[in-house]
Amino acid sequence: MAESRPVAGSGVSRVAGGLASFRMIAAMWIRSTMTYRFSFAMTLLANFVVTFFDFVVILLMFTHVEGLGGFGFAEVAFLYGATSTAFGLADLALGQVSRIGRRVRDGTLDTLLVRPAPVLAQVAADRFALRRLGRVTQGLFVLVWALVLVDVDWTVLKVCVVPLMVLSGGVIFGAVMVAGAAFQFWARDAAEVVNSFTYGGNTLLQYPPTIFAQDLVRGVTFVLPLAFVNWLPALYVLDRPYPVDLPFSPSFTAFLPPLVAVVCALLAGLCWRAGLRAYRSTGS
């Protein structure tokens, strides 16, 4: 297949067009889902319960220990709730992009290329799974619970950090998902490799950075910036030192996640466009 050409127009108009296409396709799948309301309610509840088992592990752990890496239960719950909510938002909006490798292998991506809508919007909204709201709800529930329990000297800046952390974290996780999907244009069976950075990164960030080797903490801070999802801003809120040296003060670093999220989104967009241009049809 000939190299796909980008849609004409400015970057802003392309993004706006992509969002409009995503809303239309997602709305179609939502209407389909809500046709069977009881089935949707059961799958939503099941999603909530299954994802809550991750937090049950932490609950059971703290029945045997008083702290984890110097962090108490409420502080670990805060880390868990922040990253789970952020990941849930990204998974809800972009979780479907992990299936791109299958479309590349069986040639069904060709049908998306001829439609008058951005391919990424079509892939992300295809079979939009509203049941994934269960993960978001569960993470938000734990986050609110932790905010009630945690002992923090709240200031206006710290209050502002919490929503910025969650929203920016969702964008960072989404960027990793898109970049991983782009990688599958070349490595068609790499979905599990990508999941090790997305689902694995979410699991990693549920625990305090003090329990991990410093090389790993540096890697998710300066190479793949997952630490900006919750570790860096959360430790500022909790008045905790970061286990590795940083070039900026904690109060400044805590407000970097929005900037990091924008940079990650731009880089993921470039990766996606490069992957799409490298795509060659299977001919089927």
Side-chain angles (χ1 to χ4, degrees), residues 1-30 32-33 87 89-130 132 170-202 219-220 223-226 260-284:
M1 174 171 286
E3 203 172 87
S4 72
R5 293 175 294 178
V7 179
S10 67
V12 174
S13 64
R14 288 199 297 270
V15 171
L19 291 174
S21 299
F22 178 89
R23 286 196 302 269
M24 291 176 61
I25 300 171
M28 177 189 69
W29 285 105
I30 291 173
S32 175
T33 299
F87 181 77
L89 292 172
D91 191 45
L92 175 66
L94 294 166
Q96 294 296 102
V97 298
S98 63
R99 298 172 177 241
I100 192 68
R102 184 184 307 171
R103 286 188 173 277
V104 171
R105 290 195 303 272
D106 61 22
T108 56
L109 184 64
D110 294 358
T111 61
L112 305 185
L113 292 171
V114 298
R115 294 174 182 171
V119 176
L120 180 57
Q122 295 183 67
V123 173
D126 184 43
R127 300 185 180 279
F128 186 80
L130 194 61
R132 290 176 176 173
V171 175
I172 293 171
F173 270 129
V176 175
M177 291 177 180
V178 172
F183 177 63
Q184 294 185 61
F185 282 108
W186 293 280
R188 293 169 176 80
D189 294 313
E192 293 305 318
V193 176
V194 177
N195 288 342
S196 67
F197 291 97
T198 53
Y199 287 89
N202 177 45
V220 296
V223 182
L224 184 66
L226 292 178
V260 173
V262 170
V263 172
C264 289
L266 291 175
L267 292 176
L270 292 176
C271 291
W272 176 263
R273 289 169 67 84
L276 198 58
R277 284 180 171 142
Y279 172 69
R280 295 294 181 270
S281 172
T282 61
S284 59

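We count residues from 1, following the sequence as given. Just so it is clear, the values below take in all heavy atoms, side chains as well, and ignore hydrogens, waters and symmetry mates.
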What distance do R102 atom CZ and T108 atom OG1 have between them, rounded to the nearest 0.5 Å?
9.0 Å

Flag the pair R99 / V123 as yes when at least one side-chain heavy-atom distance between them is below 4.5 Å, and no otherwise.
no

Give me the atom names and distance for the closest heavy-atom approach of A90 to F173.
CB-CB, 3.6 Å

Closest non-hydrogen atoms of V171 and A265, given as atom of the first, atom of the second and distance, are CG1-CB, 4.2 Å

How far does CE of M177 sit from CZ of F87, to the nearest 0.5 angstrom?
4.0 Å

Side chain to side chain, D110 and Y279, heavy atoms closer than 4.5 Å
yes

Can you give me the closest heavy-atom contact between Q122 and L112, atom names plus distance?
NE2-O, 3.0 Å

Report yes if some heavy atom in the side chain of L120 is under 4.5 Å from a heavy atom in the side chain of L276; otherwise report no.
no

Let's go through T198 and D91 carefully: what are the C-alpha distance in whole Å and the side-chain angles of both, what is the deciding distance for side chain to side chain contact (heavy atoms under 4.5 Å, CB included) to 0.1 Å, and is it a yes or a no?
CA-CA 9 Å; T198 53; D91 191 45; over 6 Å; no

Nearest heavy atoms of G18 and P118, plus distance in Å:
CA-CG, 3.6 Å

Using a cut-off of 6.0 Å, state whether more than 12 heavy atoms not belonging to M28 lie near its atom CE.
yes

Could you check N195, V194, V193 and say which one makes a side-chain contact (heavy atoms from CB on, under 4.5 Å) with F197?
V193

Rounded to the nearest 0.5 Å, what separation is found between the CD1 atom of I100 and the CZ atom of R105?
10.5 Å

D126 backbone acceptor or donor facing Q96 side chain under 3.5 Å:
yes

A182 versus C271, closest heavy-atom pair with distance
CB-O, 3.4 Å

With a 3.5 Å distance limit and no angle check, can you tell me whether R127 reaches the backbone of A124 through a side-chain donor-acceptor pair?
no

What one should report as the nearest heavy-atom pair of L94 and V97 is O-CG2, 2.9 Å

Just so I know, are the side chains of V176 and L226 near enough to count as touching, which here means a heavy-atom distance under 4.5 Å?
yes

Counterpart residues, side-chain contact (heavy atoms from CB on, under 4.5 Å), relative to F128 (two or more places apart)
F22, A26, W29, I30, L92, L130

E192 versus Y199: any side-chain heavy-atom pair under 4.5 Å?
no

Taking side-chain contact (heavy atoms from CB on, under 4.5 Å) as the test, write out the residues that go with A187, two or more places apart.
F183, A190

